[in-house]
Amino acid sequence: KQEVTQIPAALSVPEGENLVLNCSFTDSAIYNLQWFRQDPGKGLTSLLLIQSSQREQTSGRLNASLDKSSGRSTLYIAASQPGDSATYLCAVGRNRLAFGKGNQVVVIP
Amino acid sequence: KAGVTQTPRYLIKTRGQQVTLSCSPISGHRSVSWYQQTPGQGLQFLFEYFSETQRNKGNFPGRFSGRQFSNSRSEMNVSTLELGDSALYLCASSLGSEGATQYFGPGTRLTVL
């Protein structure tokens, strides 16, 4: 059974600092890895999808890397802004996603 | 393009009742998946439907069931509600090919009293 872990569970950073969020998974035979953002009481917004054959994906200030051999992915958010405050979730799988419990981020103005 | 829509957005039920939740996927998407989100367990996969057939199923009791219609809209039903069923129920749609990006709706908040 795939287990996905996200550490730390919560973190606060001052505005302008770079954010580094970690995700680890137990079964390296993943298909895809997807990063989502969730605002309180809302649904999930897809940020980046990395296919298992890829090493990283970039979108604007966001960059996600994937290392299947070590079972890890890292999401980098450059020059954080207060609007980046949210919970970030990592998920792996094909059509049946296994989620971590998220990194709750607060960016302090 | 309209996103994934879920109705109703909020529901309050009492123990023993049943409930039906609805999900309309993005136009052209043939796969609909359902997830339960609770503070303790996080997001857990319930089931996935593709072309009106259940393609994947999570580890939930038989009280949880679903179906998909020919227009790809999906419904999820929970019978004999328990207090522990209180959760945010999220539906996601995708094109259906393996590993396709999943797009989530805003969720239905179910409270069981």
Side-chain angles (χ1 to χ4, degrees), chain A residues 1-10 21 23-54 57-59 62 64 66 68 73 86-104, chain B residues 3-7 9-10 21 23-26 29-51 53-60 68 74 87-111:
Chain A
K1 179 188 171 189
Q2 180 73 266
E3 301 284 344
V4 182
T5 304
Q6 293 185 250
I7 295 173
L21 306 177
C23 169
S24 61
F25 45 91
T26 53
D27 186 353
S28 62
I30 65 168
Y31 200 84
N32 288 340
L33 185 142
Q34 203 166 348
W35 281 94
F36 294 90
R37 168 188 171 134
Q38 186 174 32
D39 293 288
K42 303 287 182 65
L44 277 62
T45 300
S46 178
L47 297 174
L48 291 167
L49 182 145
I50 311 176
Q51 297 179 348
S52 61
S53 59
Q54 298 175 316
Q57 275 287 353
T58 298
S59 175
L62 277 58
L66 174 62
K68 286 199 307 177
S73 176
T87 297
Y88 292 84
L89 293 150
C90 140
V92 299
R94 294 186 179 192
N95 300 311
R96 170 183 181 154
L97 296 179
F99 281 85
K101 292 201 174 176
N103 304 111
Q104 187 175 5
Chain B
V4 179
T5 57
Q6 291 188 245
T7 56
R9 294 293 313 280
Y10 302 91
L21 313 181
C23 172
S24 292
I26 292 171
H29 285 191
R30 296 168 63 192
S31 168
V32 173
S33 298
W34 289 90
Y35 295 82
Q36 180 196 65
Q37 186 176 32
T38 59
Q41 299 297 318
L43 272 150
Q44 294 184 287
F45 173 80
L46 282 155
F47 29 66
E48 182 216 3
Y49 285 86
F50 179 77
S51 293
T53 301
Q54 189 180 83
R55 187 160 67 171
N56 285 289
K57 188 178 187 304
N59 298 320
F60 278 80
Q68 187 180 34
S74 177
L88 181 66
Y89 289 88
L90 293 161
C91 123
S93 79
S94 77
L95 289 171
S97 53
E98 289 193 338
T101 300
Q102 295 199 18
Y103 297 90
F104 282 76
T108 294
R109 171 73 63 185
L110 172 65
T111 302

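Chain letters run A, B, ... following the sequence lines, proteins first, then strands; residues in each count from 1. From a predicted model like this one, the values you see are computed outputs, not experimental measurements. The figures that follow rest on heavy atoms only: side chains count, while hydrogens, waters and symmetry mates do not.
Interface residue B:A100: only backbone heavy atoms are found under 4.5 Å from chain A. Contact annotation for A:L49: only side-chain heavy atoms (C-beta onward) come within less than 4.5 Å of a heavy atom of chain B. For a residue to count as touching a neighbouring chain, one of its non-hydrogen atoms must lie under 4.5 Å from one of that chain's; by this rule B:Y35 touches chain A with the side chain only. Looking at A:Q51, neither its backbone nor its side chain comes within 4.5 Å of chain B, counting heavy atoms on both sides. Proximity to chain A is limited to the side chain of B:E48, based on heavy atoms less than 4.5 angstrom apart. No part of B:Q6 comes within reach of chain A, as not one of its non-hydrogen atoms sits under 4.5 angstrom from that chain.
Per-residue heavy-atom pair counts under 4.5 Å with chain A were compared for B:L88, B:L90, B:T101, and the maximum is reached by B:T101. Contacts with chain A were tallied for B:R109, B:Q44, B:K57; B:K57 has the most, counting heavy-atom pairs under 4.5 Å. When each of B:S94, B:S31, B:G58 is checked for heavy-atom pairs under 4.5 Å with chain A, B:G58 comes out on top.
The local environment of CZ in B:F47 is crowded, with over 12 non-hydrogen atoms from other residues, nucleotides or ligands closer than 6.0 Å.
Here the straight-line distance linking atom CG of A:L89 with atom CZ of B:F104 works out to 9.0 Å at 0.5 Å rounding.
A donor-acceptor pair is defined here as one N or O able to donate and one able to accept, closer than 3.5 Å; no such pair exists between the side chain of A:K42 and the backbone of B:G107.
Nearest heavy-atom pair, B:Q102 versus A:S46, reported as atom, atom and distance to 0.1 Å: O-CB, 4.2 Å.
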